[in-house]
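Sequence lines set the chain letters: A, B, ... in the order given, protein chains first and strands last, and positions in each chain run from 1.
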Amino acid sequence: MRLSFLLVFVIAFLSQLIFAESEYTFNLDETEKKPYSLGGYVEARPVFLYLDKDASLYKLKLYDKDEGKTAEEYNTKLQLDGSYEKRITKIYTKINVDTQESYLGWSDTINIFEGYISLKPSSSLNINIGKKAMKWGKGYAWTPVAFFDRTKNPDDPDLALEGFISLSADYTKSYSGSLKTISFTPVLLPVYDNINDEFGETDKLNFGGKVYLLLYDTDIDFIMLAGGSKTKRFGFDFSRNITPNFEIHGEFAFVNNFEKKFINSTGNISVDEYDAESYLFGIRYLTKVDTTFIVEYYHNNTGFTDEEMQNYFSFINTAYKTYTSSGNDNNLQKALDLTEGNYGRMNPMRDYLYVRVSQKEPFNILYFTPSITGIVNINDKSFSVSPELLYTGVTNLGLRLKTTFLSGQSNSEYGEKYNDCRIELMARYYF
Amino acid sequence: MKKIFYWFLVILFLVPIAAGVSEMTSGMIAVSVDEKIQPVNVSSQAARCAYYMIFDNKGKFLEFVDNPIKDVHGGAGTSAANFLGNKGVTVVIAEDFGYKMINALESNGIKFIEFKGIADDAVELAIPAYAADGNKLLEQVDRNLNPESYESYKKLINIEPDGSKKEFVLFTVKKGKDKVAAIFISPASEKGRSTLRLDENMWLYIPNVGKPIRITSLQSVVGGVFNNSDILRLDYTSEYDVEQVEENGDEYLLHLKAKTNAVAYDKLKMWVDKNSMLPLKIESLTAELMLIKTLHFKEVKDFGNGIVRPSVIETDSPLYKNYKSVIIFAKIQERTWSDEVFTLTFMPNINSLR
């Protein structure tokens, strides 16, 4: 049961033993290339949660369970990357295995995050067929123009994402002058039963792509998606260094005929259809003493308004009262159905601010990076704050201690989360 | 007869012009002084000194020149720089220079040397500046270190005070003056990370993150004493100008200044072996001349095809006391690459070049 907690210490101890005595040499064998490669990481991540029993999402998730004030999760992850390369062909796969022992019981999932064949007849042309994550957009915490990707988690934006099955190509040309690079990336993404059916409406062949320019030292992408599984969408993004240590970036996304499904406090579900324009503006700034600031403002016009969110929470509270008085959980189930992929998505409201400050190697402690991240819901003034300590001093081992405090008034996004605080320790060993 | 007279006049006019041009191009040395005696101390005022002592480029004293700028109100530095430029001076020596005068001298293409002591000694110091063209020397150093377009392997080792080490192996490709890319081969935690530099633009691609992000030359993707510009180093000539050359026995000392503020270190002092034209030591400095790190070039090795260069660079830094970093080079060889290799789209595929 406490497997992941034990694993943290076993991984840390073994890596110290293995790598304490390496030699100061450069053996040419280290430069030999093999046609295949296999690697990845194993991770243990115990989590301790301080629950908020008055919160709407606690009532929704745990209404039929008797949890105390605290709860624990024991998570493990195995991520395997494998590839085989011969002449112009490369086969690549990334497999992800997650296990979790928590107050909700045991769960495990095995997913092929990526698995594709890549053909590269020249350095200008690359053709990919199979399951691939595109990871488009310039935003760090949010990427409204990533039309072909799953939504990333702003609490851990660097995590690998599962891709979709697609056929894509990259054609690139370089020039001298103000336009240095231009790339075309057309994409075909089929959505049928059992093929990409999480992407949107089935029995559609979606198409779109990206045009990338490096123009006047600025990265610029124009992106589009059409085909019917989702409504048509267009966007562009940019990134540029104003000075060597000051970068700005931004995204703009236009979603045609976006359909928003929402609930009122009595449980009536309505659908609103409108053109949604979302945008993001961000900076990354490095000081002389190696402090990095990442700040992003995100306006998400596909998100819910204050009133819509309050109605959702009111409905849950009413449904919970009905459950406690009569044992009838029909309305709670209705709310649960509406939460999945809708109210329950990452940052479901309209205006957010993301601030991350990290200090590289303070007090000359090599490979040690403390940081603090804040995500503020500007609409309801609720927020999360996450101080974090990261140490990567042992070869192939990453250790992270992260605490997240959530705060907000009642009927606010972070105020109604099922926990007030979470503490997690992560040990990740790469092989 | 008229024709002969005509050609005589032309020659008569051309000779002094040619002589003047020759004098201008050969350059003269001006030393600021306050008295018309010899020996005389160098003046503490570069623009408001009483006289300039003029020497030829071999150090021969020519004349004292009254300084017409010494009593002007405002803009003395700029006026003095223009005055000296018009006289064909290419090196000015004084005890101290104001920043306005430095800017004006640089825009007139005039080198400056700060010196305290006897004027004749100062001129001795200035003469080597004519002995060699600094930028040509630096170009030679660049070409001796590696071909303009090449591939190589590097091992980076961070050594901590207790002796523990962290090692990284990279494969690097470079084309021309402004394109360089690298991919980490080991350790496993960094494997597949690639970095790209196009002139002053730098990106990092992390396989898990899946998209290139912009980084700066001042950051470090490996931690420790190395920063990104050490990993993605362009030719020194593409980032620096040589401000001054000193000759000390078998060595040149090149004083380098960054061409733009995007370069990681504002100034470098590079000691170069005269025979091999390879660097022996480089000190990296801030604009305020604070030492950031020192690179020691060691173990000259024949990599084949005429590439003979130091195979080890040891780095120490007063900012990281008792820490040391080492770069070991292997398999440096000339290669030609297409421009498309140095694009964001190609970053996930750099390993295919090996």
Side-chain angles (χ1 to χ4, degrees), chain A residues 20 22 24 26 28 30-31 33 37 39 41 81 85 90 118 120 122-124 126 133-138 140 157-161 170 172-175 180-181 183 185 212 214 217 219 239-241 243-245 247 249 284 286 290 292 360-361 364 366-367 392-393 395-398 430-431, chain B residues 153 155 157-160 164-167 169 171 185-192 198-203 206-214 216-220 223-224 261-264 319-321 323 326 328-331 337-346 349 351-354:
Chain A
S22 56
Y24 172 105
F26 194 2
L28 289 185
E30 296 176 65
T31 65
K33 187 185 175 189
S37 83
Y41 66 81
D81 298 277
E85 214 173 323
K90 180 181 171 185
S118 185
K120 200 151 58 55
S122 77
S123 51
S124 296
N126 192 22
M134 299 292 174
K135 300 274 188 88
W136 290 352
K138 298 289 183 229
Y140 180 71
D158 292 344
L159 273 183
L161 293 179
D170 294 305
T172 305
K173 286 303 287 177
S174 288
Y175 305 95
K180 286 195 170 74
T181 311
S183 287
T185 307
Y212 162 76
L214 176 56
D217 291 329
D219 297 315
S239 170
R240 179 189 169 85
N241 276 82
T243 65
N245 60 338
E247 180 261 4
H249 57 266
R284 189 186 292 248
L286 175 75
D290 274 336
T292 301
K360 181 186 156 247
E361 299 169 349
N364 285 346
L366 283 191
Y367 315 114
T392 55
T395 303
N396 291 330
L397 179 71
Y430 296 86
F431 54 87
Chain B
Y153 287 87
K155 178 182 259 191
I157 309 172
N158 278 336
I159 304 162
E160 292 177 46
S164 59
K165 302 174 187 102
K166 201 168 182 194
E167 301 184 348
V169 177
F171 172 69
I185 295 165
S186 69
S189 56
E190 316 296 320
K191 194 175 173 182
L198 280 180
D199 203 359
E200 288 168 8
N201 301 287
M202 274 192 197
W203 297 267
I206 302 171
N208 248 1
V209 177
K211 63 179 178 187
I213 54 166
R214 279 183 173 257
T216 82
S217 58
L218 307 163
Q219 280 176 295
S220 174
N261 64 358
V263 179
L319 306 179
Y320 292 92
K321 279 189 180 131
Y323 289 91
V326 178
I328 310 172
F329 292 82
K331 294 185 176 174
W337 307 108
S338 76
D339 286 343
E340 283 72 29
V341 164
F342 303 90
T343 58
L344 261 63
T345 325
F346 199 84
N349 301 310
N351 201 44
S352 67
L353 302 173
R354 293 170 63 210

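- Closest approach of A:K138 and B:K211 over heavy atoms only: C-NZ, 4.0 Å.
- Here A:D170 contributes atom CG and B:L344 contributes atom CG; the two are 11.0 Å apart, rounded to the nearest 0.5 Å.
- If you measure heavy-atom distances from B:L319 to chain A, the contacts under 4.5 Å come from the backbone alone.
- Annotation for B:K155 and A:F26: closest pair N-CE2, 3.5 Å, computed over non-hydrogen atoms.
- Per-residue heavy-atom pair counts under 4.5 Å with chain A were compared for B:E340, B:E200, B:K321, B:K191, and the maximum is reached by B:E340.
- You'll find the side chain of A:S174 stays beyond 4.5 Å of the side chain of B:F342, heavy atoms only.
- Of the atoms belonging to A:N126, it is side-chain heavy atoms, and not backbone ones, that fall under 4.5 Å from chain B.
- With a 4.5 Å cut-off on non-hydrogen atoms, A:E30 touches chain B through its backbone and its side chain both.
- For A:Y41, the part sitting under 4.5 Å from any heavy atom of chain B is the side chain, from C-beta outward, and nothing else.
- For A:T392, the parts lying under 4.5 angstrom from a heavy atom of chain B are both the backbone and the side chain.
- Contact of the B:S352 side chain with the A:K90 side chain is not registered, since no non-hydrogen atoms from C-beta on lie closer than 4.5 Å.
- A donor atom on one side chain and an acceptor atom on the other are found under 3.5 Å apart for B:K331 and A:T31.
- In this structure, chain A has a heavy atom under 4.5 Å from the side chain of B:F346, while its backbone stays farther away.
- Looking at B:Y323, only its side chain comes within 4.5 Å of chain A, counting heavy atoms on both sides.
- Distance check: A:K33 NZ to B:L353 CG gives 8.0 Å after rounding to the nearest 0.5 Å.
- For chain A, the nearby parts of B:N351 are the backbone and the side chain; heavy atoms of each come within less than 4.5 Å.
- Residue contact with chain B, scored on non-hydrogen atoms closer than 4.5 Å, involves the side chain of A:L214 exclusively.
- Only the backbone of A:R240 comes within less than 4.5 Å of a heavy atom of chain B; no side-chain atom from C-beta onward does.
- With a 6.0 Å cutoff to the six-membered ring centre and a 45° limit on the axis angle, B:K166 counts as a cation-pi contact of A:Y367.
- When the candidates B:A330, B:P187, B:S189 are compared by the number of heavy-atom contacts under 4.5 Å with chain A, B:S189 comes out ahead.
- Side-chain atoms of B:E160 and A:L366, non-hydrogen and from C-beta on, do get closer than 4.5 Å to each other.
- Between A:T181 and B:T343, the side chains place no donor N or O within less than 3.5 Å of an acceptor N or O (distance only, hydrogens not considered).
- Listed here is the closest heavy atom pair of B:N208 and A:K135: O-NZ, 2.5 Å.
- Across all non-hydrogen atoms, the minimal contact from B:A188 to A:N396 is N-OD1, 3.0 Å.
- Residue B:W337 does not touch chain A at all, counting heavy-atom pairs closer than 4.5 Å.
- Ranked by heavy-atom pairs under 4.5 Å with chain A, the list B:P207, B:G192, B:G210, B:S186 is led by B:G210.
- For the options A:S37, A:P157, A:G137, heavy-atom pairs under 4.5 Å to chain B are most numerous at A:G137.
- Interface residue A:D219: backbone and side-chain heavy atoms are both found under 4.5 Å from chain B.
- Taking A:M134, A:K173, A:E85, A:H249 one by one and counting their heavy-atom pairs under 4.5 Å with chain B, the maximum is reached by A:K173.
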